[in-house]
Peer 1: 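Handing you a structure now.
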Protein chains: 2
Amino acid sequence: MDLKPTESELEILQVIWKKGQCSVRDVHEELAKNKEAGYTTTLKLMQIMHEKGLVERNTDAKSHLYKALITREQAQQGALDKIISTVFKGSTSDLVIQALGQHRASKDEIDAIKDYLKQFDK
Amino acid sequence: MDLKPTESELEILQVIWKKGQCSVRDVHEELAKNKEAGYTTTLKLMQIMHEKGLVERNTDAKSHLYKALITREQAQQGALDKIISTVFKGSTSDLVIQALGQHRASKDEIDAIKDYLKQFDK
DNA sequence: TTTGATATACGAAAACTATCGTAGATATTT
DNA sequence: AAATATCTACGATAGTTTTCGTATATCAAA
């Protein structure tokens with residue numbers, strides 16, 4: 001399995017991850033909120049995603065229902081691996097520091113990260 | 001300016017960032033260490049990057065010298081912004097925790113991050 | 001049952017990216 | 001100066017991704 005969704009495929013996966021199970025129309029209407037695109041474009045993309053094994057679908061009803069076969073965590077990991085090697089010289093800490101520096105994490109987020117780091121103390 | 005390098009463009013930028021200023025041959029030889037590709041392919045890509053404004057070049061000598069017009073930090077930020085919005089639901093801390101969890105940061109890296117976080121204590 | 005709305009299937013065009021070959025200019029070596 | 005090496009320019013091709021139009025099936029309402 002390829003496991004490397006394209007940009008548009010990720011937009012679609014976003015919606016499926018959020019809603020759990022979606023018809024093409026569900027996805028299309030969600031995307032239409034932010035973007036201009038034809039219905040058949042979304043349909044075609046989802047059909048291709050099915051061919052690639054990124055999603056499965058139930059074709060019992062007229063309107064097919066799609067589920068993700070790749071988890072958000074898998075996609076996150078893939079995206080991280082890629083940018084760490086292409087722009088962060090392989091350094092995870094560079095990525096973390098850059099992320100924290102620019103994105104103005106909230107106090108709660110900082111605390112969550114501190115808690116997480118405690119597990120490395122022994 | 002578009003400011004969103006493609007995959008191949010990033011590979012080239014890596015080399016330029018590292019060396020500071022490069023001829024096409026410099027870049028090509030560096031890339032050839034890890035990858036099979038023709039010289040004119042690299043040349044063409046760098047010409048396109050120049051058209052796009054990703055690099056500037058000095059054409060005084062026969063062999064042109066290229067410099068990056070986008071910093072590594074800008075590229076890092078762009079890459080982070082993209083994946084935070086497409087796969088991390090906008091949550092920086094999710095990204096940080098996922099990055100630390102899987103990428104087995106070294107003790108030094110962990111310490112660097114802890115130091116960094118101290119600045120948020122007041 | 002006819003009409004209209006909504007589905008899927010699918011081919012093909014459009015857009016973007018990457019790869020390469022060839023031509024011609026410029027420098028270097030013999 | 002002639003031969004050789006190296007450079008840029010650039011068109012053409014190939015590959016991938018995205019977009020869309022049209023044909024056809026299915027369902028619901030008039």
Peer 1: Quick check: do A/T86 and B/L10 have side-chain heavy atoms less than 4.5 Å from each other?
Peer 2: yes
Peer 1: Starting from C1' on D/dT8, measure out to CG on B/L65 and report it in whole angstrom.
Peer 2: 14 Å
Peer 1: How many whole angstroms separate atom CG of B/D26 from atom P of D/dT8?
Peer 2: 11 Å
Peer 1: From the options C/dA18, D/dA9, D/dT18, select the nucleotide whose nearest atom is closest to the side chain of A/T6.
Peer 2: D/dT18
Peer 1: Would you say the side-chain atoms of A/Q77 and B/Q98 include a donor-acceptor pair closer than 3.5 Å?
Peer 2: yes
Peer 1: Measure from CZ on B/R57 to P on D/dT8 and round the result to the nearest Å.
Peer 2: 8 Å
Peer 1: Is there side-chain contact between B/T6 and B/L45, with at least one heavy-atom pair below 4.5 Å?
Peer 2: no
Peer 1: Taking C-beta and beyond as the side chain, do B/K114 and B/Y116 meet within less than 4.5 Å on heavy atoms?
Peer 2: no
Peer 1: Measure NZ/A/K44 against P/C/dA14 and give the value in whole Å, please.
Peer 2: 16 Å
Peer 1: Distance check: side-chain N/O of A/Y39 vs OP1/OP2 of C/dT8, anything under 4.0 Å?
Peer 2: yes
Peer 1: C/dT17 phosphate, OP1 or OP2: any side-chain N/O from B/S8 under 4.0 angstrom?
Peer 2: no
Peer 1: Rounding to a whole Å, what distance do you find between A/D60:CG and D/dA25:C1'?
Peer 2: 17 Å
Peer 1: Please give, in whole Å, the distance from C/dT19 C1' to B/E36 CD?
Peer 2: 12 Å
Peer 1: Report yes if at least one side-chain N or O of A/R25 is closer than 4.0 Å to OP1 or OP2 of C/dA7; otherwise report no.
Peer 2: yes
Peer 1: Rounded to the nearest Å, what distance is computed from the CG atom of residue A/L43 to the P atom of nucleotide D/dT18?
Peer 2: 15 Å
Peer 1: Taking the side chain as everything from C-beta on, heavy atoms only, tell me whether A/Q21 gets closer than 4.5 Å to A/Y66.
Peer 2: no
Peer 1: Please evaluate the base of D/dT8 for a donor-acceptor partner in the side chain of B/K62 within a cut-off of under 3.5 Å?
Peer 2: no
Peer 1: Which nucleotide wins on minimum distance to the side chain of B/T40, given the candidates C/dG21, C/dT8, C/dT17?
Peer 2: C/dG21
Peer 1: Would you classify A/T41 as touching base, sugar-phosphate or nothing, given that sugar-phosphate means primed atoms plus P, OP1 and OP2, and contacts are heavy atoms under 4.0 Å?
Peer 2: base
Peer 1: Taking only N and O in the side chain of B/Q47, is any of them less than 4.0 Å away from OP1 or OP2 of D/dA9?
Peer 2: yes
Peer 1: Would you say B/T59 reaches D/dT8's phosphate, i.e. side-chain N/O to OP1/OP2 under 4.0 Å?
Peer 2: no
Peer 1: To the nearest Å, give me how far apart NZ (B/K35) and P (C/dC20) are.
Peer 2: 9 Å
Peer 1: 5'-most contact on DNA chain C: A/S23 or B/G38, nearest heavy atom basis?
Peer 2: A/S23
